[in-house]
Amino acid sequence: MGAYVRQGGPYDVLVIGAGHAGTEAALVAARMGAKTALLTFTRNTIGQMSCNPAIGGLGKGQLVKEIDALFGEMGVAIDDTGIQFRTLNGSKGPAVRSSRAQADRDLYKARVRQACEACPNLDIIEAAAGGFLVEGIRVVGAHTEDGVPIRATCTVMTTGTFLRGLMHTGTEQTPGGRVDDQAAYPLSDSLRSLGLRMGRMKTGTPPRLIRSTIDFSKLVEQPGDTPIVPFSFRTKKIERPQISCWITETNAHTHDIIAANVERSPMFNGQIESGGPRYCPSIEDKVFRFRDKTSHNIFLEPEGFESDVVYPNGISTSLPADVQESFVRSIPGLEGVQFLKFGYAVEYDHIDPTELDARLAPRAVQGIFFAGQINGTSGYEEAGAQGLLAGINAAQEALGREAVTFRREESYIGVMVDDLISRGVSEPYRMFTSRAEYRLHLREDNADSRLTPTARRLGLVDDAAFALIEARWNRMTQEKLRFENTVAKPFPEVNAWLGSVDSAALSDAVRLSELIRRPELGYEQIVSHFGAAAEPLDERDWKVVETELKFAGYLRRQEEDIARVRRMEDVLIPEAIPYSEMNSLSVEVRETLSRHRPRTLGQASRLSGVTPAALSLLSIYLRKGLPGASATPERE
């Protein structure tokens, strides 16, 4: 551990933890002009991928695109260090398509660390956090375990799985948030002293295998997509070679080995009591929850261009080492595999996210923000997005500026934060496209047009860069207008062309914007016959135009729904409203509203147990300004 050296504090923003949430928080705060410190046990683990060596996935890819649209780091970092890129759900509609990329684990970490070390206004302090500096109800920084104070106007907590972290492999229990890193016990106690509600969660990771001992002749190859579609809107092109992943699967013998040793699993023998991720279960969970399945897919993911390490995605486990060796070697292609590390589960403390507001700050304590797994989430992408938002708001508060929040109808970040603060968590929260009501509106490909204007207002985009972005948006707008204003007439040559592409002939003139809505026709086909724009669009941009023209009717209807939702979101609820006196509401609803204290009528509508009838009564109370004795009671 590097000794703490005074770097010129006090700071505007102090970020504790240098994982995916912490690095995004520190970088954005510093780039906004806040004097920022990043406190980490060692700079060698800045940006480390603790679990799988990949960025993106269903719903997660959308979060990375939004981080990038706000000029965060994750998108450009994976573009610079990715070894394989794929679009998931590519054959489905644009609302559910998501990007995913395998990373070179060491290069990714080095790339993020380099960004932090090169960032003006950002000091890196190597020390373990010991607790908070508190004045009244305000956190004014932290002190190291050695007692050295680091004063800051605002503090961002991004401690991942390290708060009282405890790792399990069979009956073996080791304190720590991940292998080779210590747990944070004093910091967890300091959080409790702030009066915040705490909980405990569990996550896990599979063993790491030595690539050169795998028999690839028995596996199914999974190559990347070509051409590569970058994550970042700022990346023009990626042309380096890609590395394949490989697919194998468990079998009845694998399941028999696991079943025969279930009493040795910490998940099943009572050793672990906290809840784990339902959407990323251990192999033990899969075997017992899905007894009818005779096999489960395993994706063997190389950890780098030159690495001899493979991450077997799909067999997260906390079984003892000897059982791991036995069941893994029962899998085709892995019969003679050697282990670099064994899998383990880790339990850790988190706060109750319903104590937070939309800034990711607690209502009861000032000067502190929370992001990442400490809020009950899972995944690098969820952490990075929260870190970006918490860092923005910490900098805004420290610099005396207005808070920034995102609504759920304008971003996946808004969906995630609203889910967390409105509904809380009973298991690690994972983003999916299905969580967003307006996912056709919240596509990956339009994240920049939705969010980059906010980055501009925050000073994260300079004049020259934003001028180029606006010029690109203008080209796409002009192309949509060209399609709206150009008419295809039922001339013989037009109908002959339509017949050649198996499309029905025209009997009347139609706009190109109508023609492109035919399922069998696309943008490229239409411009090949009717001509391209004066300044042709590149592929990424014409695909956005194609989507917005093809789905124009659906998008209009979603925009109308969004307008209705926004009217509800604009109805603010006073902080001190006396729910206990609203006798027309059921006891359950009164307790729920009193506990969560929703800030808007829209947020109240998403609380579990708040019925449409209760919402109507609450709306009446708000219009009258007082608990309405004349209101019709809510029916139980």
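Heads up: numbering here begins at 1 and tracks the sequence. When reading the values below, keep in mind they use all heavy atoms of this one structure, side chains included, and skip hydrogens, waters and symmetry mates.
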Show your reasoning for whether side-chain contact (heavy atoms from CB on, under 4.5 Å) applies to I351 and L356.
CA-CA 9 Å; I351 67 163; L356 305 178; 3.8 Å; yes
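- Considering only residues two or more places apart in sequence or on other chains, D12 meets the salt bridge (charged side-chain N to carboxylate O under 4.0 Å, His left out) condition with none of them.
- Judged purely by distance below 3.5 Å, without hydrogens or angles, the side chains of Q386 and T377 pair a donor atom with an acceptor atom.
- The salt bridge (charged side-chain N to carboxylate O under 4.0 Å, His left out) test applied to E249 returns no partner, not counting sequence neighbours.
- Both tests do not hold together for K543 against Y523: distance to the six-membered ring centre under 6.0 Å, angle to the ring axis within 45°.
- A salt bridge links D419 with R408: the closest approach of a Lys/Arg side-chain nitrogen to an acidic carboxylate oxygen falls below 4.0 angstrom.
- A donor-acceptor pair under 3.5 Å links the side-chain atoms of Y380 to the main chain of N52, judged by distance alone.
- For T36 and N121, the side-chain atoms include no donor-acceptor pair closer than 3.5 Å.
- Smallest separation of non-hydrogen atoms from V96 and L58: O-CD2, 4.2 Å.
- For the pair Y348 and T159, the minimum side-chain heavy-atom distance is 4.5 Å or more.
- Side-chain atoms of E444 come within 3.5 Å of backbone N or O of S99 as a donor-acceptor pair.
- Shown here for S411 and L442, the closest heavy-atom pair between the two residues is N-CD2, 3.5 Å.
- Between the OH atom in Y412 and the CZ atom in R443 there is a gap of 10.5 Å [rounded to 0.5 Å].
- Heavy-atom minimum distance, A95 versus T433: O-CG2, 4.1 Å.
- When the side-chain contact (heavy atoms from CB on, under 4.5 Å) test is applied to A101, the partners found at least two apart in sequence or on another chain are I78, F85, F231.
- A salt bridge is defined here as a Lys NZ or Arg NE, NH1 or NH2 lying under 4.0 Å from an Asp or Glu carboxylate O, and E479 with R475 fails to meet this definition.
- Separating the CG atom in D104 from the CG atom in D80 is a distance of 12.0 Å, to the nearest 0.5 Å.
- Under the 4.5 Å side-chain criterion, counting only non-hydrogen atoms from C-beta, P312 is not in contact with V328.
- Annotation: side chain of S378 is not in contact with side chain of T203 (no heavy-atom distance under 4.5 Å).
- Annotation: salt bridge (Lys or Arg N to Asp or Glu O under 4.0 Å) contacts involving residues 452-461, sequence neighbours excluded, comprise R456-D463.
- Cation-pi geometry between R240 and F305 is not satisfied (NZ or CZ under 6.0 Å from the ring centre, within 45° of the ring normal).
- The main-chain N or O of Y344 is never found under 3.5 Å from a side-chain atom of T205 such that the two would form a donor-acceptor pair.
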Under the criterion side-chain hydrogen bond (donor to acceptor under 3.5 Å, both in side chains), I'd like the reasoning laid out for D68 against S232: C-alpha separation, chi angles, the key distance, then a yes or no.
CA-CA 6 Å; D68 184 70; S232 177; 2.7 Å; yes
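- Counting only distance, with no hydrogens or angles, the side chain of R208 and the backbone of P206 share a donor-acceptor pair below 3.5 Å.
- Considering only heavy atoms from C-beta on, D538 stays 4.5 Å or farther from R472 through its side chain.
- Looking at heavy atoms from C-beta onward, N474 lies out of side-chain contact with E470 at the 4.5 angstrom threshold.
- Judged purely by atom type and a 3.5 angstrom limit, Q222 has no side-chain atom pairing as donor or acceptor with the backbone of C245.
- Contact check on E73 versus R111 returns a salt bridge, with a Lys/Arg side-chain nitrogen under 4.0 Å from an Asp/Glu carboxylate oxygen.
- Here the side chains of W542 and E539 are in contact, with some heavy-atom distance below 4.5 Å.
- For the residue pair G47 and V112, the shortest heavy atom distance occurs at CA-CG1, 3.9 Å.
- Under a 3.5 Å cut-off, the side chain of Q396 and the backbone N or O of V404 do not form any donor-acceptor pair.
- Interatomic distance, I413 CD1 to L451 CG, rounded to the nearest 0.5 Å: 6.0 Å.
- Expressed to the nearest 0.5 Å, how far CD of Q102 lies from CG of N313 amounts to 8.0 Å.
- Between the side chain of T40 and the backbone N or O of G17 there is no donor-acceptor pair closer than 3.5 Å.
- Atoms CZ and CD1, from R43 and I125 in turn, are 10.0 Å apart once rounded to the nearest 0.5 Å.
- For the side-chain contact (heavy atoms from CB on, under 4.5 Å) test, residues two or more places apart in sequence or in another chain that qualify with K550 are I516, E546.
- Annotation: side chain of M431 is not in contact with side chain of E381 (no heavy-atom distance under 4.5 Å).
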Output, in order, the C-alpha distance, side-chain angles, deciding distance and verdict of side-chain contact (heavy atoms from CB on, under 4.5 Å) for M49 and Y311.
CA-CA 12 Å; M49 292 176 147; Y311 179 95; over 6 Å; no
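- At least one side-chain heavy atom of D448 sits under 4.5 Å from a side-chain heavy atom of W473.
- Rounding to the nearest 0.5 angstrom, the gap separating the OH atom in Y11 from the OG1 atom in T155 is 12.5 Å.
- Checked by atom type and distance alone, the side chain of D79 never pairs as donor or acceptor with a backbone atom of I238 at under 3.5 Å.
- Within the 3.5 Å criterion, the main-chain N or O of M416 finds no donor-acceptor partner in the side chain of E382.
- The salt bridge (Lys or Arg N to Asp or Glu O under 4.0 Å) analysis of residues 94-103, with sequence neighbours excluded, yields the pairs R100-E301.
- In terms of heavy atoms, A129 sits closest to E145 at O-CG, 3.7 Å.
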Would L360 and N393 satisfy side-chain contact (heavy atoms from CB on, under 4.5 Å), going step by step from the backbone distance to the final call?
CA-CA 8 Å; L360 294 180; N393 279 311; over 6 Å; no
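- With respect to R540 and D445, no salt bridge is recorded, no charged nitrogen being found less than 4.0 Å from a carboxylate O.
- Of all heavy-atom pairs between L187 and L163, the closest is CB-CD2, 4.1 Å.
- Environment of CD in E221: crowded, with over 12 heavy atoms of neighbouring residues, nucleotides or ligands closer than 6.0 Å.
- For R211 (side chain) and V310 (main-chain N/O), no donor-acceptor pair under 3.5 Å exists by modelled atom type.
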Evaluate the criterion side-chain contact (heavy atoms from CB on, under 4.5 Å) for residue pair T158 and I374; output intermediate values, then yes/no.
CA-CA 7 Å; T158 69; I374 193 171; over 6 Å; no
I'd like to know whether Q62 forms a side-chain hydrogen bond (donor to acceptor under 3.5 Å, both in side chains) with S98, so could you lay out the CA-CA distance, the side-chain angles of the two residues, the decisive distance to 0.1 Å, and finally the verdict.
CA-CA 6 Å; Q62 280 83 348; S98 302; 2.9 Å; yes
